[in-house]
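Notes follow the structure.
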Amino acid sequence: MGNKGGSEAWGFIKQVVTGRWFSVFAGLIMMIGNGTTYVFPTYSKVIKTQFDYSQTQINTLGFAKDLGSNVGIIAGLLAEVTPTWVLFIVGAFQNFTGFFLIWLSITARIAKPKFWQMFILVCFGTNSSNWANTAIMVTSVRNFPDRRGIILGLLKGYVGIGGAIMSQLYLAIYGHNDPSNLVLLFAWLPSLLILILFPSIRPIRIRKHPNELKVFYQLLYVSILLAIFILFLTIAQKQVVFSQAGYVGGASFVVSLLCVPILIACREELLLYKLNKQTAGPSVTVSMVHQNPPTLSASADSEIPEILPSCCENIWNKPERGEDFTILQAVFSKDMALICLATFSGCGSSLAAIDNLGQVGESLGYPQRAIGILVSWVSIFNFFGRVFSGFISETLMTKYKLPRPLTFSFAFLITCVGQLFIAYPFPGSVYFAAIIIGFGFGAQNPMLFAVISEMFGLRHYSTLFNCGQLTVPLGSYILNVDVVGKLYDMEALHEGKQIAGKGLTCTGAHCFGGSFTILAAATLFGAVVMLVLAYRTREFYKRDVYKNFNEEIWIPQTQMEFYRLDNKKSIED
């Protein structure tokens, strides 16, 4: 009897850790480590002070960060031919090496690097996020093909809030006295999480059940609760000086909320586990089958193997939207050109605004602690933008047949308003700007990846979504370095302020007024381009975009309701 109970317990544990919902949890946790990209305004101030860099140089490092975090073509191509664990190992190595060397340099444990060497280190460290990002997103979209907007919104949401979570963990572990330790945390924690959790990320095919959408909403509610707690925690930290015990208590509650999705995963897997035991016939089988989705690879049982087209074949003979494009068919399409133009101007200007928020706060006389709050708020509302855009755009698309690019355009307009709050500031305007820009940029992110998957299919998704974001660092570089950085340095030179240990400094609304007006205009242009794409694709989105993934349900609704009632009765007895 004891052996049977132990065997059943082990069988259930195995089902949990190999199930789809634990895979979702593992993906969410690993995505937190990718949020280090959005904490650049915090640790860039340490770099600027330590090495006496100008604002143009800091903005050039911001471009290095954007270049590293957005250029994932190599990861995408490698994902086409290698298992996912290869991407995770490469990403963990890059993350630790890049950020650890940055930490060694800013703490003077190694010789001061030349500027071009620091550029490479920042680019190398932030590029690590592409490897885990590609593996997790591609696998999750394949596991939930008809919920891709929702799963992408959740995953990218945890990237958005990852910076705020990492900041709270930094305060709990190291305290607030030495900001350089934040870079050290970036080096070891994301790499450790990847090495522990990466085996859970792989294609897992089971038939969907009627409560799948409800489970995603439960994950959304937990995530919103987490974000709201961190929001109020950062507000409290702005008003009151926390002790080290206070920081530890806040971080402990954050970690406990991060673990709630494990309970949701256990509940859903328990349902599947007991249904497997109770059903005698093969008609209601719910066991997991570990294989690639049928739309993504040829069937092993086919008498005639499917001949996949070469990426160089029929470049101009494109299939219908929603079918599987080759890489070059997608890259040379008008739709991809519009996507790249919109992300170049809209996403590039949004990133430039986020990268400069710390300097904006400093120029307007905000205290150092308030600047740290601004960065955390960007991260928190980045999360809200990502998860809400995923769920809302999915509802508008499936229920009201509105093109997803239309919601994308609205996200650009929201960001534009936040940039104008900085260009023409009023008391406290930077706090509102951090909220609006964070939300707007967060909303852009999952919709970019969802639109690409819907228009060009999933066969080469790992490469195509990385192609779609290639123009983001280019737009960020031009607007960040050639516009924001140079205009700031011109204003600082007019004031004649170059303080040792702080580089060129400028104080007042004029420091960023002109440059952020240009950023707002660029974001508005991106919104117009995305409206053009929405008009072009209006007929496509009136159809059932997910028709190829509407599989029949293996677990009937009546069977699930019977189990729930039976389980409730047994508990009461």
Side-chain angles (χ1 to χ4, degrees), residues 28-45 65 69 99 126 129 153-176 179 181-183 185-186 189-190 193 220 222-240 242 246-261 350-351 353-355 357-358 361 366 368-388 418 430-443 445-446:
L28 296 177
I29 296 300
M30 283 190 283
M31 281 297 202
I32 292 172
N34 292 346
T36 56
T37 302
Y38 302 108
V39 195
F40 179 76
T42 298
Y43 68 85
S44 66
K45 291 180 63 60
K65 179 264 300 180
S69 60
F99 281 108
T126 54
S129 63
L154 277 172
L155 289 171
K156 300 303 287 185
Y158 273 73
V159 176
I161 202 174
I165 293 173
M166 295 283 281
S167 296
Q168 293 302 320
L169 295 176
Y170 150 71
L171 292 172
I173 297 172
Y174 297 107
H176 64 280
N181 285 328
L182 181 62
V183 181
L185 183 70
F186 292 167
L189 184 56
L193 291 175
L220 172 66
V222 173
S223 304
I224 291 174
L225 179 62
L226 171 66
I228 290 174
F229 175 76
I230 295 178
L231 174 63
F232 283 104
L233 183 61
T234 55
I235 293 174
Q237 290 169 350
K238 178 178 179 291
Q239 302 295 331
V240 181
F242 272 46
Y247 287 132
V248 171
S252 299
F253 193 74
V254 168
V255 172
S256 65
L257 287 176
L258 287 173
C259 293
V260 172
S350 302
L351 264 181
I354 290 173
D355 289 345
L357 268 181
Y366 286 72
Q368 184 60 42
R369 189 169 53 170
I371 293 173
I373 299 299
L374 287 174
V375 175
S376 292
W377 281 15
V378 168
S379 181
I380 293 167
F381 284 91
N382 195 328
F383 160 80
F384 282 124
R386 289 169 188 244
V387 294
F388 282 127
V430 181
Y431 291 113
F432 292 104
I435 292 171
I436 295 171
I437 294 173
F439 185 91
F441 179 68
N445 211 277

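These values consider heavy atoms only, across backbone and side chains, with no hydrogens, waters or symmetry-generated copies.
- Sorted by first and then second residue, the pairs that involve residues 160-173 and meet side-chain hydrogen bond (donor to acceptor under 3.5 Å, both in side chains), not counting sequence neighbours, are Q168-Q237.
- Rounded to the nearest 0.5 Å, atoms OG (S129) and CE (M31) are 9.0 Å apart.
- Judged as a ring pair (Phe, Tyr, Trp, His ring centres under 6.0 Å), and not counting sequence neighbours, F432 has no contacts.
- T234 OG1 to I230 CD1: the interatomic distance, rounded to the nearest 0.5 Å, is 8.5 Å.
- Residues L226 and I165 share a closest heavy-atom pair of CD2-CD1, 4.1 Å.
- The salt bridge (charged side-chain N to carboxylate O under 4.0 Å, His left out) analysis of residues 35-45, with sequence neighbours excluded, yields the pairs K45-E362.
- Taking CG from L231 and CD1 from I224, the interatomic distance works out to 12.5 Å, rounded to the nearest 0.5 Å.
- Side-chain contact between F40 and L351 is absent, with no heavy-atom pair separated by less than 4.5 Å.
- Contact between L182 and M166 at its shortest, heavy atoms only, is CD1-O, 4.3 Å.
- A tilted orientation is assigned to the rings of F381 and F384, their planes being inclined by 30° to 60°.
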Could you walk me through whether W377 and V430 pass the side chain to side chain contact (heavy atoms under 4.5 Å, CB included) test, one step at a time?
-> CA-CA 11 Å; W377 281 15; V430 181; over 6 Å; no
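- Summarising the geometry, atom OH belonging to Y431 is positioned 15.0 Å from atom CD1 belonging to I436; distances are rounded to the nearest 0.5 Å.
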Can you list the steps and then say if L171 with F242 is a side chain to side chain contact (heavy atoms under 4.5 Å, CB included)?
-> CA-CA 10 Å; L171 292 172; F242 272 46; over 6 Å; no
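- Inter-residue side-chain proximity for I173 and Y247 is flagged as unmet; no heavy-atom pair is nearer than 4.5 Å.
- Listed here is the closest heavy atom pair of S223 and L154: OG-CD2, 4.0 Å.
- Between V254 and L257, every side-chain heavy-atom pair lies at or beyond the 4.5 Å cut-off.
- Between N382 and I161, every side-chain heavy-atom pair lies at or beyond the 4.5 Å cut-off.
- Looking at every heavy atom in both residues, P190 comes nearest to T36 through CG-CG2, 4.5 Å.
- At a threshold of 4.5 Å between non-hydrogen side-chain atoms, the residues I32 and L258 count as touching.
- Nearest heavy-atom pair across I437 and A353 is CD1-CB, 4.1 Å.
- For the residue pair A172 and V248, the shortest heavy atom distance occurs at O-CG2, 3.6 Å.
- Taking the six-membered ring where the residue is Trp, F439 and F388 present tilted rings, their angle falling between 30° and 60°.
- No close placement of the F229 and F232 rings is indicated, their centers lying 6.0 Å or farther apart.
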